[in-house]
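Below: one structure, written as structure tokens.
Both counts, for ligands and for their atoms, begin at 1 and track the order of listing. For the numbers below, each heavy atom of this structure counts, side chains included, while hydrogens, waters and symmetry mates do not.
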Amino acid sequence: MAMKTQSEIMNSELGRQSDSSGDGIAVRVQNLTKTYKLYDRSIDRLKESLHPLRRKYHHDFYALKNVSFEIRKGETFGIIGKNGSGKSTLLKIIAGVLTPSEGHLEVRGKVSALLELGIGFNPDLTGRENIYFSGTIMGFSREEMDAKVDDILAFADIGDFINQPVKTYSSGMFVRLAFALATNVDPDILIIDEALSVGDIFFQTKCYKKFDQFQKMGKTILFVTHGLDNVIRYCHRAILLENGVKLIDSDAKSAVDVYKKLVVNCYENGDENEKNGDQNVIDNREADLVRQKCLVNPDATIYGDGRVEIVDYGVFDKNGVPVRLLFNNEPCSVWMKVMFKEEIENPIFAFTMKDLKGMDITGTNS
Ligand code: ADP
Ligand code: MG
């Protein structure tokens, strides 16, 4: 997506209240709504502004609808949802670049945000000049930025490009500099919107190390990413947005599970799909046998469009005995019993092994 090349650093004045109430809350969002006026034709906007009786020519589009949640200090908080669900809108409101249409927002502490697009860097200035420029906007003096600039350069690691105009940067270089700056200005609350996916894997690793450090320092992190594994790994909590509405507010793993169902349109009708499956196609006797042999997870999370169904699966040792425990270097086999409800050409069979938190450990496909 081209939008990602335009990562942005910004900082909001809004975040500079201190936590006087001492209730440990870093961000409190209450009944937040963001509407955009949509006009079918551009002329309608003009007509509306000139109409003597203030006739409405627009309809309201809700980018966020009555969203409420609290983020505790020191929490890493994930926001997940499909494209267009309102994630960036929410982050921008919390970062102070967008004003909500309705609702109340409290942000306690200094905010540093790495947003998807927007103003941020001046393309004609060099990377180094932009560091000082952004520093000024954030309220740091030249001397204060002098003290930070080495750390920023070291983290960004873009070599001589730091003395080139930012408009010559690749999206990867851009985000390196933006992330280095955002994390080296000692924020209380760090906001990251999908930026990290632009960087290469080594840089990403470095960024996540920074997350670890921030977490240990008790800083608050707000985080949007499509990397669901990283949501599970780093976020203490997550909310799921769908069409601007908060659907889930829970631990990260549960939110990700629901999101995965949502992506394949099984969230609302998932149970129905299962009921409608043609049970007669399964040889029940055989299914029972496999079931006896396999260690089926009773808490299975099922998603997909159901054209093919993994009826059962199991992990077996080298003698074909089902096992619950595997030792290092011990060969094992994974069996799955799969029912095709229609003809599928070149199917691919895959499995993933996860730990208790739902993080991928290993997996492969055929
Ligand atoms: P996400 O980050 O989850 O992909 P966004 O917060 O960027 O979603 O957008 C939420 C919705 O608001 C989208 O449908 C988007 O098209 C709409 N939207 C965003 N900005 C504007 C705008 N300035 N005018 C009208 N609609 C907008
Ligand atoms: Mg977005």
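Shown in contact with A63 at under 4.0 Å from a heavy atom are these atoms of ligand 1, numbered in order with element: 12 (O). Close contacts between ligand 1 and S85 involve ligand atoms 1 (P), 3 (O), 8 (O) [criterion: under 4.0 Å to a heavy atom]. Within ligand 1, counting atoms from 1 as listed, the ones closer than 4.0 Å to a heavy atom of N83 are 4 (O). Set against the non-hydrogen atoms of K82, the atoms of ligand 1 under 4.0 Å away are 3 (O). For ligand 1, the atoms closer than 4.0 angstrom to any heavy atom of S88 are 1 (P), 2 (O), 6 (O), 7 (O).
Not a single heavy atom of K92 sits under 4.0 Å from any atom of ligand 1.
Nearest-heavy-atom check against atom 1 (P) of ligand 1 across G84, G244, G81 picks out G84. When Y36, Y62, F61 are ranked by how near their heavy atoms come to atom 27 (C) of ligand 1, first place goes to Y36. Between the choices I93, T89, I80, the shortest heavy-atom distance to atom 5 (P) of ligand 1 belongs to T89.
Comment: K87 does not engage D193 in a salt bridge, judged by the lack of any side-chain N to carboxylate O separation of less than 4.0 angstrom. The existence of a salt bridge linking K56 and E48 is excluded, since no basic side-chain nitrogen approaches an acidic carboxylate oxygen closer than 4.0 Å. The pair K65-D60 does not meet the salt-bridge criterion, since no charged nitrogen lies less than 4.0 angstrom from a carboxylate oxygen.
The Mg ion (ligand 2) has an N, O or S atom of S88 inside 2.8 Å of it.
For E102, the CD atom is loosely surrounded, since the number of other residues' heavy atoms within 6.0 Å does not exceed 12.
Centroid-to-centroid, the aromatic rings of F223 and Y234 stay 6.0 Å apart or farther.
By the side chain to side chain contact (heavy atoms under 4.5 Å, CB included) test, E143 is found to be paired with S141, residues two or more places apart in sequence or in another chain being considered.
Among the candidates K253, K261, K260, the single residue satisfying the salt bridge (Lys or Arg N to Asp or Glu O under 4.0 Å) test with D257 is K253.
Geometrically, ligand 1 and L38 share no nitrogen or oxygen pair separated by less than 3.5 Å.
Legend: side chain to side chain donor-acceptor pair (under 3.5 Å) pairs involving residues 212-224, not counting sequence neighbours, sorted by first then second residue: T76-Q215, D186-K219.
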